[in-house]
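Written out below as structure tokens is the structure these notes cover.
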Amino acid sequence: MKLRIEVNYSFGKLGRAMPKIIKEYLNEYAQGAETGSKQNIDKGLSPIKSSTKKWRRVKGYPEDPPLKASGNLYNSIKANKNTMDIVQYGVWHNNGEVPTTQARPFISTDDRTRNKINADFKRKTKQAVSVKRKFVLQM
């Protein structure tokens with residue numbers, strides 16, 4: 001019996017390319033998270049309490065939108081290579097860990113950006129695993 005096997009992929013090639021693909025993915029995701037988080041704050045989140053509006057008026061801050069009183073939180077949102085930097089209380093607001101207010105989840109990418117990043121990852125992975133020349137094993 002004769003056996004012929006054709007292989008048009010290489011997991012070794014994929015393994016060598018994967019660190020770069022992952023690094024690019026994380027960089028793009030951090031950029032998308034910066035943009036998406038700022039867009040979420042700009043378009044508005046759940047309304048703030050009347051007591052918070054009163055406090056903001058006294059301090060000279062705008063009453064709306066939530067999470068953008070002084071601008072410190074908003075301006076701290078920065079993509080830094082493969083991570084997103086933000087002041088600690090931004091994470092607390094996102095997760096609902098501030099006792100005087102409800103959770104306002106704003107840290108995210110928009111669907112369009114996330115879909116593009118994921119499609120790029122799949123395309124680069126598929127490209128990295130494939131080889132142009134087929135390997136033929138005959139037994």
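All residue numbers in this chain count up from 1 along the given sequence.
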Nearest-0.5 Å distance, [atom1] of residue [X] to [atom2] of residue [Y]:
{"X": "E34", "Y": "Q39", "atom1": "CD", "atom2": "CD", "value": "10.5 Å"}
{"X": "L45", "Y": "K43", "atom1": "CG", "atom2": "NZ", "value": "8.5 Å"}
{"X": "I86", "Y": "N75", "atom1": "CD1", "atom2": "CG", "value": "11.5 Å"}
{"X": "K122", "Y": "D120", "atom1": "NZ", "atom2": "CG", "value": "11.0 Å"}
{"X": "Q31", "Y": "K78", "atom1": "CD", "atom2": "NZ", "value": "10.5 Å"}
{"X": "N94", "Y": "L67", "atom1": "CG", "atom2": "CG", "value": "9.0 Å"}

* Any sub-3.5 Å donor-acceptor pair from N27's side-chain atoms to N82's backbone N or O? -> yes
* Hey, is the main chain of G32 close enough, under 3.5 Å, to the side chain of T35 for a donor-acceptor pair? -> no
* Nearest non-hydrogen partners of Y9 and V131, listed with the distance -> N-CG2, 3.7 Å
List the atom pairs, with distances to 0.1 Å, where a side-chain N or O of residues 46-55 and a protein N or O form a donor-acceptor pair under 3.5 Å, not counting sequence neighbours.
unit_1	atom_1	unit_2	atom_2	d
S46	OG	Q102	NE2	2.8
S46	OG	R104	NE	3.3
K49	NZ	T100	O	2.8

* To do: State whether the number of non-hydrogen atoms from other residues, nucleotides or ligands found under 6.0 Å of K81 atom NZ is greater than 12.
  => no
Only distances under 3.5 Å count here; give the side-chain donor-acceptor pairs of residues 17-24 to other protein atoms, sequence neighbours excluded, each with its distance to 0.1 Å.
unit_1	atom_1	unit_2	atom_2	d
E24	OE1	K124	NZ	2.8

* What do the steps show when you test R56 against D64 for salt bridge (Lys or Arg N to Asp or Glu O under 4.0 Å), and what is the final call? -> CA-CA 9 Å; R56 283 184 171 199; D64 284 310; 5.4 Å; no
* Asked: How would you list, by chain and number, every residue that makes a side chain to side chain donor-acceptor pair (under 3.5 Å) with D110, sequence neighbours excluded?
  -> T113
* To do: Would you check if there is a donor-acceptor pair between the side chains of N118 and Y25 at a distance under 3.5 Å?
  => yes
* Begin with the C-alpha distance, continue with both residues' side-chain angles, and end with the deciding distance and a verdict on side chain to side chain contact (heavy atoms under 4.5 Å, CB included) for R114 and Y29. => CA-CA 7 Å; R114 186 173 34 256; Y29 204 90; 4.0 Å; yes
